Amino acid sequence: MEKEKLDLEFLEKLERLRLAVKRLRFRSHLGERKSPKMGRGTEFSDYRSYQVGDELRYLDWNIYARFEKFLVKLFEEEEDVEVHILLDASSSMDFGTPTKFFYGKKLALAFSYLSLSSWEKTTFSYFQDKIKEILPLERKKENIYRLLNLLNEIKAEGTTNISETIKKYASSLKRKGIFIIISDFLSSEFEEGIIYARYKKIPVYLVHLICQEEISPFFSGNLTLIDSETQEKIDILLDEYMIKKYQKALENFLNHIESFTMLYNVEYLRSITSIPIEDLILKYLRVGGWVK
Amino acid sequence: MSLKFLNPLFLSLLSLEILVIILYLIRPKRLRLKVPSLILWEKVLKEEPIGRWFKKLPKNLILLLQILTLLFIILYLSKPILSFEGILGRPTIFILDSSASMISKDIFPSRFEKAKTEIINLSKNIHNKISLIIAKDKPYLFSLGKSSDLERILSSEKPFLGEGNINSAITYAENLLPKESCDIHIFTDGTEKLDIPKNSQNNYFIHVIGKKGRNLGILDGRIFQKNERVSQIFLKIGNFSDKSEEVFITVKENGKNIIKTKAYLQPKEIKTLNFEIPLLKGKIEASLDIKDDLSEDNTAYFYIPDFSPKILMVSMGNPFLEKALRSISDAKVEIRRDILNIDFKKYDFFIFDGLIPYSQLPGKFLFIGGYPGIDPNKIEKIGKVKILSWEDHPILRFVQLYGIQIDNAYVFKDEKLNPIMYSQKGPVGYYLKEDNMEGIVLSFDLLSTSWIYHDSFPLFIYNLLKYMLSYDPQKQVQEDLNFTGFYENPEDKKIYAVNLFSEKESNIEPQVKSQEVILAKEKPKDKAYINFDLSYIFLFFALITIIFEILLYMGGRIYT
């Protein structure tokens, strides 16, 4: 566990990448009703016919001179996006090789770096049964060191309550942002918090971490299984039959998360901790359109 | 109420329970394993209904079951007997009618099997002494300790194929426990009227097993030789059904059909049929071709032995005797002048005329002038005499001996000789039966009498051979011949025909009804200690706990 210390070396590989969250999100909330795509940005996007009420300063007089038509210039809005990265730091994350927690921390660091690189306002938080600490990184890239220090300090412990945590966090926000939640989602009824966030029109990105031991338990025989969070115990005769039953239950659980995220338009990424994090970001996240 | 143990030594094994507890305490602990969350595992267990059920059971249930299993096994081995005071009831005597009519299949599987089942069921509620009397031609008693003995004896019991005598069994039961008042349960098909004593101290319960069945049977049969060429068969057949019946009758000689005829019988009619057929020999079967409730009386068996005796005559010369022997048809006569090197196994009958062997020989004989082992001191010469009288013996049937003169006769004063011919001075003809030797001894020389000129002499010789060599092959079913059919006696190698031939048994319709005859005066019901063997209950419990334990291991998946 001691060896699992974060460093910034791998971030160098991410230097050229940017978080693609804007593209996924957007519809202007600043644009007016009649011209939703007309933003305050500087980048030209399109033309459309002038309508009564449009500001005259956006009329393209050159076009009018040439074709005698009133066309209004549209610009792509460049909205100020606040990225909230939430990391699950409960005991259940402390499993796997490398641990889900270490993997999650590394991923949080990567997302934070990408976000800061994209000049986004970024906030990192980690939670257990509630938010434990919030680290505002603002838009300052140098704050990544603060984050690194924090990540190296925190340990996976305690119980988790995703639903309540997300609910409280979402309701405490003054400005809208996007949520990147990194967790193993081994929490009962985690859906409620995410549904709440979606109700508040917050785009949510779920990063689901699982480890190899969870996919195929390597133990068998007469066992007392102890819940790492609640310390609850169950006695079980773990044989092939029971392992198959477990795997079926896991499959159902994963299918449920997938269908849930599709239903509520939530971006979902699942990763096994055995996949190197660089591969995940450089290959899978790029292919998935999370980064560009 | 008290509990006692027949094998109390086994109770010392209870100390093994401590061993079980120690083994439980030092058993390897199950491996504890931390997992991220039990959410998925709980889902798995929720899908296992048995698992969910077992989860509610106490955690040390296995230990409890093992202790109980051992306890029950030890209790089973120590044979616990629970004694309590209760109404003992009267001693019970079961009388089972085992006559041939009980084989009837008007009740499935048969009256006899049904009666056996009813006796076993009834015996389960009886706590006092139980006796069983099987009523065959005579009663057979079985004294029983417990009802399981009754089951064992009845399971091996087969019905008697002859005439039963249930009333002799009732008399036997009456005298079995003269000082006690008993309940006597009679299981019969009611074909025989029951003589229940009116002044009996016992109660009678009559269980009639059987209903009106359909039966036709051969009640009697004989085969006579009418003359040299023709045999006569007489068959007495009866219809014991309520309706008239037409039946085919087949007669077989040594397996070959020789007659097939038809008879028509009114309800309850008994008819005698008579057939004349060429001379019969060997095994004869006459059968009614019908399927009725009692099949054992549908076939009559007859055996007609072949009479062709081999006779050895040892004589210095006796033409009259020789002629008398040769006149018997089919008889093979061999004449020898000495008694040396005789193979006795080759002959059926021996005649020693004057030449008498010194030692005893097995077989059938006619000794003339002496007999083996004769004591000279017991011989008395009586000289010239006349025969005056003779015994009424089959050998002397139709033989006229009166006045026959004998020139030189002797009297043998031996106690083993039974006189059958008498002269005025003493007996001159004797019947000798000793060990395996049987025959007639004449104390005079045949050639010195006038008998050889009379018709009665060849008749005497014929009667003698017939008496000594022929036999009646017809037999009724007896305890040692409990079947119908042909039977070869291993001792004399003779074949016998065994038949049921009983109007009483063929009439399978019950004559009496089920009833209770309470004769015993009311008296206070006896109280006594009733013993219950609890060992099998504990064995049952042990099996249950073992099965439950196996279920826990195999099906539980939670608690092992």
Side-chain angles (χ1 to χ4, degrees), chain A residues 88 90-96 99-101 156 159-160 162 183-190 209-215 217-254 256 273, chain B residues 19-70 543-560:
Chain A
D88 181 354
S90 64
S91 302
S92 65
M93 292 288 283
D94 202 14
F95 285 85
T99 62
K100 289 185 280 184
F101 189 54
T159 58
T160 184
I162 299 175
S183 173
D184 54 7
F185 296 100
L186 291 173
S187 168
S188 55
E189 294 169 1
F190 66 90
L209 301 181
I210 49 177
C211 58
Q212 194 61 41
E213 291 96 306
E214 284 172 325
I215 295 168
F218 55 86
F219 35 83
S220 63
N222 277 325
L223 299 169
T224 298
L225 300 183
I226 304 166
D227 191 311
S228 62
E229 294 186 9
T230 61
Q231 305 305 317
E232 268 181 61
K233 292 170 192 167
I234 55 168
D235 293 338
I236 195 163
L237 172 64
L238 197 58
D239 53 8
E240 251 180 58
Y241 169 78
M242 287 302 274
I243 287 173
K244 276 183 186 164
K245 295 281 285 185
Y246 166 80
Q247 284 171 336
K248 184 73 191 167
L250 177 68
E251 192 186 324
N252 289 342
F253 173 67
L254 298 178
H256 165 72
T273 55
Chain B
L19 188 69
V20 173
I21 294 168
I22 292 168
L23 285 173
Y24 181 80
L25 291 174
I26 62 168
R27 78 193 192 286
K29 300 282 178 196
R30 62 168 65 236
L31 193 66
R32 294 158 72 87
L33 196 78
K34 223 169 198 183
V35 290
S37 174
L38 292 179
I39 290 174
L40 293 176
W41 291 107
E42 277 166 356
K43 276 182 188 169
V44 170
L45 297 179
K46 269 182 192 171
E47 288 170 14
E48 291 284 309
I50 301 171
R52 223 168 34 202
W53 184 74
F54 275 90
K55 202 175 177 180
K56 291 176 186 169
L57 297 173
K59 289 210 167 193
N60 46 11
L61 190 65
I62 285 281
L63 172 68
L64 185 71
L65 285 174
Q66 283 169 350
I67 289 172
L68 284 175
T69 305
L70 186 62
L543 288 173
I544 292 288
T545 49
I546 288 168
I547 289 168
F548 201 65
E549 220 166 314
I550 291 169
L551 263 177
L552 277 178
Y553 272 103
M554 303 298 290
R557 292 187 184 279
I558 306 300
Y559 288 93
T560 55

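Just so we're clear, the structure is a prediction, and the values are computed from it rather than from any experiment. To find a chain, count down the sequence lines: A is the first, B the second, and so on, and within it residues start at 1.
Note: B/Ile547 CD1 to B/Leu65 CG = 12.0 Å, rounded to the nearest 0.5 Å.
With a threshold of 4.5 angstrom between heavy atoms, A/Glu213 does not approach chain B through any atom at all. Neither the backbone nor the side chain of A/Ser90 comes within contact range of chain B; no heavy atoms are under 4.5 Å apart. For A/Tyr246, the parts lying under 4.5 angstrom from a heavy atom of chain B are both the backbone and the side chain.
Residues B/Ile39 and A/Phe185 form no side-chain contact, since every pair of their non-hydrogen atoms from C-beta on lies 4.5 Å or further apart.
B/Thr69 and B/Thr545 share a side-chain donor-acceptor pair at under 3.5 Å.
Taking chain B as the reference chain and counting heavy-atom pairs below 4.5 Å, the highest number among A/Glu229, A/Lys248, A/Glu232 is found for A/Glu232.
Classified by interplanar angle (parallel below 30°, tilted 30° to 60°, perpendicular above 60°), the ring pair A/Phe253/A/Phe190 is perpendicular.
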